[in-house]
**Q** 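Mind having a look at this structure? Questions to follow.
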Amino acid sequence: MLVQQIVNAISLGGVYALLALGLAIVFSIVGLINFAHGELMTIAGYCLLGALLMGVPLAVAVVVAVASAAIAAVLMEQIAFKPMRGASVTSLLITSFAVSSLLKVLFQNGISARPQPIAMPSWMTGAFQFGHVSIGVGPLLSIAGSALALIALELFLRRTVMGTAMRAAAEDFNVVRLMGIPAGRIIATAFLLSGLLAGLASLLWIAQRASVDPLMGFTPVLKAFIATVVGGLGSLPGAVVGGLLLGVIEVALQSALPPDVAPYRDAIVLSGVILVLLFRPDGVIPAARAQRS
Amino acid sequence: MLSVRSLQVRYGEVEAVRCVDLTVGRGEIVALVGANGAGKSTTLAAISGLVRPAGGSVTFQGEDVTGLAPELIARRGVALTPEGRRVFASLTTAENLMLGGAVHLGRAALKEREAEMLDLFPILRRYHRIKAGNLSGGEQQMLAIARSLMSKPKLLLLDEPSLGLAPQIIDKVFDLIADLRRSGLTILLVEQNVALALEIADSAVVIANGNVALSGSAAELATSDLVRQAYLGI
Ligand SMILES: Nc1ncnc2c1ncn2[C@@H]1O[C@H](COP(=O)(O)OP(=O)(O)OP(=O)(O)O)[C@@H](O)[C@H]1O
Ligand SMILES: [Mg+2]
């Protein structure tokens, strides 16, 4: 029972961590909290559904879904945010709200406001038996997926020129431009990465819920947003820690709270967040940022 | 090599640079001096593309580069070592250097250039894998200059390389600037320490309130009464 809960907690926290990372990468470079991040999840979900309905094998559909979220993220930047470059943070925020609302309406009217079921292969809903402990394949898959994504991202940021330039740009974008590294390419890569992470998170989310709906991105991205704030806005390690923390706390409260207090779970979590921020206003692992002149 | 004509830069209501003219010939060191807030850094920012001039022109190697994006101006061979060093604190010394040359040089040339920089700045060798934020002020200044040189620039814009450094370190930095010129580099040097700047420069431009107050050969300016009173305190 306990092992199972731990697995569930890490698997949920892993998804939050992927989403929080996507938000944090974009924020660290552009200074924008992308409220349309949840819609990237939704796009990945519908593309997965569409690909499966067309009879594409699951493995290919998964690639299509993740790629679609990544492409959507880059397009979002090119179409909505790029023309706003140099605008105030508030204008960018409002733009991202607008993009988010627009996409939601498109999904609701263009596809359906109702959840669409996605048939998960039967092996994914099974469970491993370890003695008398049974652990779901879904959560384990989710943990493995999140862990691989984290490792891949870390390698990208540490080992490649573009990754290094992105870490530098999070500190001081203008100086990176002075080195001749094109600003546009760094921003596009940030959105591409956030889209890839959102696409993967979407798959892991769907794998345990077996349906897609126009608002599916809202709740997880709200949690991810909280995770980035708790972890330290713009800090990548902070986003991961914040995401995992939130997953663990949620699962712990879910199983520990008596049924009549359960509806207040989110209120309790948020109170905890406020408490953390009272003591560490810059988050658990604050972002390293030099002067941004 | 560089020619700035009637340059004008505004930050909203603030007219930071009203009318600045200056010329830097190939292989020269030109010093740009003036009081705090005179518009020196802003002039460099306009040359390097970080701010878009409100008027006037910047010509580099006979081509008009006014208002181009900083990455494009950098690719033409202009490198700015900004005021306050601005090394990437969370990156290692090696990573800072690598980014300086990343888009200008291929993989092999990058390694070669890095080795050259480490020969030029031997202290950096020790800190190769250390985060730049942990280096001392003088070491960070060396790193900032080395990072700019990684791209093999034709023109180096140096903004207050002596800022916040101990006198012995300042001497080292200025020796180095003299060495760089001997190796053929063209330098536009912004400096608060006017005496030192005039010692090393071929010519100098004094700006006050965004206008050129005085310009001429360094030797001339060093003996001019205005400069002696206002900047050298003699
Ligand atoms: N980003 C900015 N926004 C608004 N005003 C600015 C900005 N940067 C500089 N200024 C103003 O422009 C004027 C010139 O500034 P600049 O930094 O070019 O001076 P400086 O000669 O380099 O001075 P210092 O010797 O102190 O470095 C100053 O009045 C300054 O307050
Ligand atoms: Mg200055």
Side-chain angles (χ1 to χ4, degrees), chain A residues 24-25 27-29 82-83 85-88 153-190 231-240 282-283 285-293, chain B residues 11 41-42 44-45 47-52 68-92 94-107 110 129 131-134 140 143-144 146-153 156-157 159:
Chain A
I25 289 173
F27 181 84
S28 73
I29 304 255
K82 197 172 180 182
R85 202 176 289 170
S88 71
L153 181 67
E154 175 71 11
L155 285 177
F156 174 78
L157 290 174
R158 298 277 153 202
R159 298 289 167 83
T160 67
V161 173
M162 185 44 97
T164 311
M166 291 184 70
R167 284 186 289 132
E171 259 189 58
D172 197 331
F173 204 157
N174 274 339
V175 176
V176 175
R177 299 184 72 187
L178 284 176
M179 321 267 96
I181 301 167
R185 216 186 296 166
I186 292 181
I187 295 174
T189 311
L233 204 49
S235 146
L236 305 193
V240 175
D282 292 328
I285 307 176
R289 171 127 1 124
Q291 68 278 59
R292 192 192 278 263
S293 57
Chain B
Y11 296 110
S41 297
T42 305
L44 294 193
I47 296 171
S48 61
L50 284 178
V51 296
R52 194 181 283 273
L68 281 188
E71 43 271 55
L72 296 179
I73 293 179
R75 281 181 196 223
R76 290 174 186 232
V78 179
L80 167 66
T81 311
E83 190 174 5
R85 309 184 272 272
R86 288 166 77 170
V87 294
F88 303 118
S90 67
L91 271 57
T92 65
E95 287 170 334
N96 269 276
L97 289 176
M98 184 274 285
L99 284 184
V103 298
H104 306 269
L105 306 172
R107 195 175 280 266
L110 203 57
R129 300 274 152 223
K131 286 193 175 153
N134 295 334
Q140 288 190 7
L143 175 57
R147 182 179 62 179
S148 296
L149 293 175
M150 280 296 291
S151 62
K152 301 188 175 174
L156 179 64
L157 311 172
D159 198 347

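First the proteins, then the strands, lettered A, B, ... as listed; each starts at 1. Quick caveat, the model's predicted, so the values are computed rather than measured.
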**Q** In chain order, what residues pass the side chain to side chain contact (heavy atoms under 4.5 Å, CB included) check against B:Leu110, with sequence neighbours excluded?
**A** B:Met98, B:Leu105, B:Met150

**Q** So for atom NZ, which belongs to B:Lys152, do other residues, nucleotides or ligands contribute more than 12 heavy atoms lying within a distance under 6.0 Å?
**A** yes

**Q** Can you find a heavy atom in the side chain of A:Val175 that is under 4.5 Å from one in the side chain of B:Pro82?
**A** yes

**Q** Using 0.5 Å steps for rounding, measure from the CG atom of A:Asp172 to the CZ atom of B:Arg86.
**A** 4.0 Å

**Q** Can you tell which part of A:Arg158 gets under 4.5 Å to a heavy atom of chain B, answering side chain, backbone, both or neither?
**A** backbone

**Q** To the nearest 0.5 Å, what is the distance between CG (B:Leu99) and CD1 (A:Ile181)?
**A** 4.5 Å

**Q** Using a 3.5 Å distance criterion without hydrogens, assess whether the side chain of A:Glu171 forms a donor-acceptor pair with backbone atoms of B:Ser90.
**A** yes

**Q** Which atoms form the tightest heavy-atom contact between B:Ala102 and A:Val161, and what is the distance?
**A** CB-CG1, 3.7 Å

**Q** Can you name the residues of residues 72-80 of chain B that have some heavy atom under 4.5 Å away from a heavy atom in chain A?
**A** B:Ala74, B:Arg75, B:Leu80

**Q** Side chains of B:Phe88 and A:Val176, heavy atoms from C-beta outward: is any pair under 4.5 Å?
**A** yes

